[in-house]
Amino acid sequence: MSTTQMDPAPAQSDDADIRALLRNSLDTVLARHYSFEQRRDARENEARESQAAWAAYAELGLLALTLPAGHGGLPVSLADLAMVVEAMGGAMVLEPYAPAMVAARLLSAAGSEDQQAAWLPAICRGEVRVILAHEEANGGYAKPIAASATPDPHGWRLSGRKSAVAGGDTADLFIVSANTANGVALFLVPAADLAIRPARSFDWTGTADLMLDDVIIPTSARLTGGEAALAAALDEAAALACADAVGAIRAANALTRAHTSTRRQFGRSLDAFQVLQHRLVDMTIAQELAAPITAAAIAACAAATPAERARAVSAAKVKVGEAARYVGEQCVQLHGGMGLVQEYPAAHLFARLSLFELSHGGRDYHLERYAELVL
Amino acid sequence: MSTTQMDPAPAQSDDADIRALLRNSLDTVLARHYSFEQRRDARENEARESQAAWAAYAELGLLALTLPAGHGGLPVSLADLAMVVEAMGGAMVLEPYAPAMVAARLLSAAGSEDQQAAWLPAICRGEVRVILAHEEANGGYAKPIAASATPDPHGWRLSGRKSAVAGGDTADLFIVSANTANGVALFLVPAADLAIRPARSFDWTGTADLMLDDVIIPTSARLTGGEAALAAALDEAAALACADAVGAIRAANALTRAHTSTRRQFGRSLDAFQVLQHRLVDMTIAQELAAPITAAAIAACAAATPAERARAVSAAKVKVGEAARYVGEQCVQLHGGMGLVQEYPAAHLFARLSLFELSHGGRDYHLERYAELVL
Amino acid sequence: MYTAREQAFAEEVRAFVRSECSEDVRRKVFEAVAVTAQERLAWHKALHARGWAAPHWPAEHGGTGWSPVETYIFSETLAEEGAPDLGSFGLKMLGPTLMQYGTPEQKAYYLPRILSGEDIWCQGFSEPGAGSDLASLKTRAVLDGDHWVVNGQKMWTTMAHESNMMFALVRTDPDAPKPQMGISMLLIDLKTPGVDIRPIILLNGERTTNEVFFDNVRVPAENLVGEPHKGWTYSRVVLGNERLSIARIGLNRRQLARLKRIAAQQGLTTSPLFRARIAEASIELDALEAMATAMLDRARAGVAPGIEANMLKIKGSELQQRLTRLLVEAAGRSAAPFGPGAADPDRPWLARLFKSHFDTRVVSIYGGSNEIQRNIIAKSLGFGASR
Amino acid sequence: MYTAREQAFAEEVRAFVRSECSEDVRRKVFEAVAVTAQERLAWHKALHARGWAAPHWPAEHGGTGWSPVETYIFSETLAEEGAPDLGSFGLKMLGPTLMQYGTPEQKAYYLPRILSGEDIWCQGFSEPGAGSDLASLKTRAVLDGDHWVVNGQKMWTTMAHESNMMFALVRTDPDAPKPQMGISMLLIDLKTPGVDIRPIILLNGERTTNEVFFDNVRVPAENLVGEPHKGWTYSRVVLGNERLSIARIGLNRRQLARLKRIAAQQGLTTSPLFRARIAEASIELDALEAMATAMLDRARAGVAPGIEANMLKIKGSELQQRLTRLLVEAAGRSAAPFGPGAADPDRPWLARLFKSHFDTRVVSIYGGSNEIQRNIIAKSLGFGASR
């Protein structure tokens, strides 16, 4: 028996009404801004994302979810936020919604009252986009980081590199993790102060490498919270990424079912072949296992001890990773050539699910962390 | 490209005529002594094996294969011996044929001329059964062994335990590995001098634990060869076990195909269902991959450097292990309840293949050894 | 996953098992040693005395009136604590079926006897040529006056030799337009002349299942359940029960704990590869538990389990097999010596590992093989239905 | 696996590649960078000059007269050494088919042009509704005087945009009793009016495949291969060629070497779990190589490859996919930035890993998907044939 208590419900919301309301507005905005064709057009116009979409998220209050009411936030539960992220995963949105929400939540958890007051209202309004820059090269998800912060007459001097930061290409503000003499600390750094190498990821979302070449920042840029807050944010980021992947898995399954029920071979629909029927069943089972363990990880992020949280998140990352791999690969396989082309969603879902597997620590990292916790 | 040169053929034989001859006599003796019913009867009469069968092996010269002609042996190639072992695996013979041959070969490789002259002729005639006792408890296949040999006024004093020694219950003579001050050495010890706890393995073959409680043996009992000869023997034992498993895999596939082609469900033979057809195909592929990599391991045991031999044997053990697991499990699964009963071969094949996986080092041991050699 | 109230309830159940089920018996269960019929009956009577023999039954029939969730907690806690399984045939399969379709006389007579353990039931469905494809069964029953005369053979009749009663499917109308339409369900006293129970011995030497032959066995007409020729429908109901516990979470938790214990004894908890294998299995169990919890949530809201129960059956059985395979792998070749007398006195549990490994092969076969489960799910999701 | 003589031959081939194929091009192949049509042609001409453009062809047609084993060694050594692939359509698929079924004029005209690289061929088999199920193809050809008039659409026509010729399956008898009986094979000059080649862009932005539309395209009657309506049979022959190299051992060895290199750069060769994954993939490759060797042994004895070639196709393609997945896993999230300009200057290979991962998804789809391969094997082994 897991010791995680999902009940009683978190004080703020978890309220069926709010959820239904959210879900409705979300469906509206995604329908308006995220048809597959619109997504392609946004991409082809060399915009990496739709500016209109981000504004619409702000308008609907999606950028304020779970943030403190005193700073313009809407204090719903993390599960509500996860529901939004899942829907965005299904629509394969290009904007870094989940990363921005993780960073905003980290700011509200680890920032001083002044720092929160300075940034959160603009974040909630969609005017400032904040992103956590933590991971470094060599796939070093949570390894000891190399970036350092040393005291300087004017404040702090940052050096090092941050690698493949999701949403880093369009961020206005970064929270940067760096080693100090007293452990890892977090710093607020405006994007304008940094050398940034923006790029497109293979799933079309934006990313960037950050070059911290002796950047000087004021003392006031340091967040109050440090290592513990960072650990919580990394786990939240992984759990929300699982929610995004669950959305993409559902979409991939729906797409594959639709294809196999209409496409005919040897005089029968593809889904009339027993081997493909069982494949589709296994894809469905993968989805039905991925969704609840993601919910458990989200619940643990909201309410559990750090060790319980780490265990639940690593379990979800491993299990959703398996599902992402299997469903992503089979979605392509069962589509045949059509599964590979740019003009059709299958390959895009495969790419998004592949990138999910590589992000927030791979399978081996989470297996080892989990083993450490249960053995 | 593997660097293993299977060609030119080993000097002694590898001769198609000898092979055909061997194969014929073998089929005859197995047909005479190893129907499934005879195997069961032998077992039910509380004999762990058929004495008649061992005598027949001796008569046919099977117990002399690959051993030096000067001591009563028949110098055919290791591949010929592997062919015999494979057939015995298919018939699920209960006698420890392969273990006895490995030990006899070790004696011929590591024994002095006197030791060979003293024992090999009787071994070839089937009068003395020799078995290598090496593995110790905790699944320690090739770990540093705990058994020790210390000099004693009368020769050597052996202490320690040997665990689950295949064929140890019916051996007349053991080759025991033990640590000395100068590394691992090998000792010839008559079974009568040891405390033995015989048992039946779950696949009905015989096994024994040996208690070496300060056994005193003469100086002359020590073999000339030591660690290198032991390593070669352990690799040979693993490679021949792969051959035995390939035989059992072939038998399991044949049995499953026969069953699924006759058993009917919902008005069709089981093998008319596409899912089961693909399952049977994958079982066949597993077999077709297991057989050649076993042949490569046998060839490496005959002719390669120790490192090449280790790599080839570990590769075979891993790959045949996968095949053994998959085919063994699916043989039971596709038979349904009939796959579990004592009166039918399926469960016996499953048991034999399960024991193969556990013996001669498990998957992890061989993966790690292989990685050490290629990385 | 439990509310505070549910947690308190689980603790009450746990305390009861620890005080009322002998330590000896529980240790047997933990170590996968077979429990005797007597030991099982003693535990049955202890539960009965507490009113907990059939918690999933409605109160009017001697059940507890518990919710599906409480029933789930109860059975999983029992499994975790090593209480022996009472068997499903009477309590979980026949009982609820009789409540729904039995005559008032059948209910009044049989239900209390199931509850008390006075009758022990077995299930006579499978036949030599009818396993997953029950509709092809051949055992016939012909009405002769006020008796049905039964001839034929059942197979894979688990525990028939420890039972006194069987509920059986028999063909009562050989001319029905579809094979499944001519089948009825009969309650058969196994002491009736003409019944011959013969053991089926499994590879491990155990007799847990049987062949049962019927040679002109006369069964009173009133022993037919419900209406004639509707046995097929009833059998679907019988097999559909016990769905909430189908993933065997408690049992799997127990096996996982056993695996960790043995891995530690074998020095394997420092092996990176073996640690990863344990972690994978444990994560799979967490995922199954999360899925089962979601099913419970729906059960709390009154939604009966659908195909997610079939999914849990598939994955739960696969996990049982994975865990018992890891058990033998942890032991390595030391797991070879088998059966009574073969045990290493220092590590007696070694000689029982293969039994667990072997026994779990059946869980992907019985109750509808995993292949059949996937067919059912595919059909239910409408695959291949568009022409 | 090679005899001494074969080993010496392999070394001769290796030396030739190293001296005649530009280092630049070979590096591109090693790093999975696309080779240009010009670069490929230059290598083609170098091989042709040496007489090695079509080693598997008989000497009378400009081949080498090598044994199947030598041909195998040749192609695997080329793959190991990073020589660009010349493409199969002309050299491996159409060429041997023409030798067997072509008219003397077709042989005399086309074979030398294939050999020299003057004609570059593509294959027009698949259509929007006919992929694995070729018999349902719809493109029609009607005889009008001494020309066939072709109308319809081909799809997934790999490299059509870099080819000047296509061998296509077209329906010439719409009333044939079975759909596969009314099909013929036509040789079509892609510059003929009415041919419209449109790109299919894959997710990675590459154009490797196309749609080809035919609008009243007039093809000379003498361009029909063999007999009319026998195209189905010829297509089986076309697809059956290239069977000895089907496991792609050389390509997989190259990818494995790349994986080890990148794992070392990423510091992963000390990770026990990643080491085990590399070992598993390497062992799989050893096993495939052993199986391919056994097939070669049979080829030496004159036995043509049977269903073991289908098995090698399945396992070889699965291994390609496993290796390229491990490549991206070794890089982790650093493999995210993609395409030209995205590369980390210190590790430019990072931005190409996903391309390899993505590209190999197709190898279990084309040339008969792995599902179709299993169907073929099942049929060949007689599964389901007993009624």
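Labels below follow one simple rule: chain letters A, B, ... track the order of the sequence lines, proteins then strands, and each chain is numbered from 1. Because the structure is a prediction, the values reported are computed rather than measured.
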Residue by residue, scan residues 239-256 of chain A and write down, ordered by number, those that have a heavy-atom distance under 4.5 Å to chain C; if none do, write 'none'. none
Chain A contacts: which residues in residues 364-373 of chain C have a non-hydrogen atom closer than 4.5 Å to it? C/E371
Cationic N near anionic O, under 4.0 Å, C/D286 to A/K319: no
Drop me the distance from A/T260's OG1 to C/F383's CZ, to the nearest 0.5 angstrom. 7.0 Å
Chi angles and distances behind the side-chain contact (heavy atoms from CB on, under 4.5 Å) call for C/R275, A/E372: CA-CA 9 Å; C/R275 286 170 69 86; A/E372 206 56 54; 3.2 Å; yes
Can you tell me which residue pairs pass the ring pair (Phe, Tyr, Trp, His ring centres under 6.0 Å) test with a partner in residues 239-293 of chain A, sequence neighbours excluded? A/H259-A/H335
Rounded distance [0.5 Å steps], OG1 in A/T284 versus CD1 in C/I307: 7.0 Å
Given the options A/D282, A/L373, A/T262, which has more heavy-atom pairs under 4.5 Å with chain C than any of the others? A/D282
With C/F274, which residues qualify under ring-ring contact (aromatic ring centres under 6.0 Å, His included), at least two apart? none
Going from CD on C/E289 to CD1 on A/I293, what distance comes out if it is rounded to the nearest 0.5 angstrom? 9.5 Å
Honestly, the part of C/K315 sitting under 4.5 Å from a heavy atom of chain A is side chain
Verify side-chain contact (heavy atoms from CB on, under 4.5 Å) between A/R363 and C/E280, making sure each step is shown before the conclusion. CA-CA 10 Å; A/R363 179 180 180 83; C/E280 284 169 335; 2.8 Å; yes
I need the residue from C/S282, C/A276, C/A294 with the largest number of non-hydrogen atom pairs under 4.5 Å to chain A. C/S282
What closest approach, in Å, do A/S269 and C/G384 show between heavy atoms, and which atom pair accounts for it? OG-CA, 4.1 Å
Run C/L381 and A/L280 through side-chain contact (heavy atoms from CB on, under 4.5 Å) and show every step you take. CA-CA 10 Å; C/L381 291 173; A/L280 292 166; over 6 Å; no
Is it the side chain or the backbone of A/V318 that comes within 4.5 Å of chain C heavy atoms, both, or neither? side chain
Taking it one step at a time, do A/Q274 and C/N375 satisfy side-chain hydrogen bond (donor to acceptor under 3.5 Å, both in side chains)? CA-CA 8 Å; A/Q274 196 191 22; C/N375 285 348; 3.2 Å; yes
Could you report the tightest heavy-atom contact between A/L289 and C/L288, atom names first, then the distance? CD2-CD2, 3.9 Å
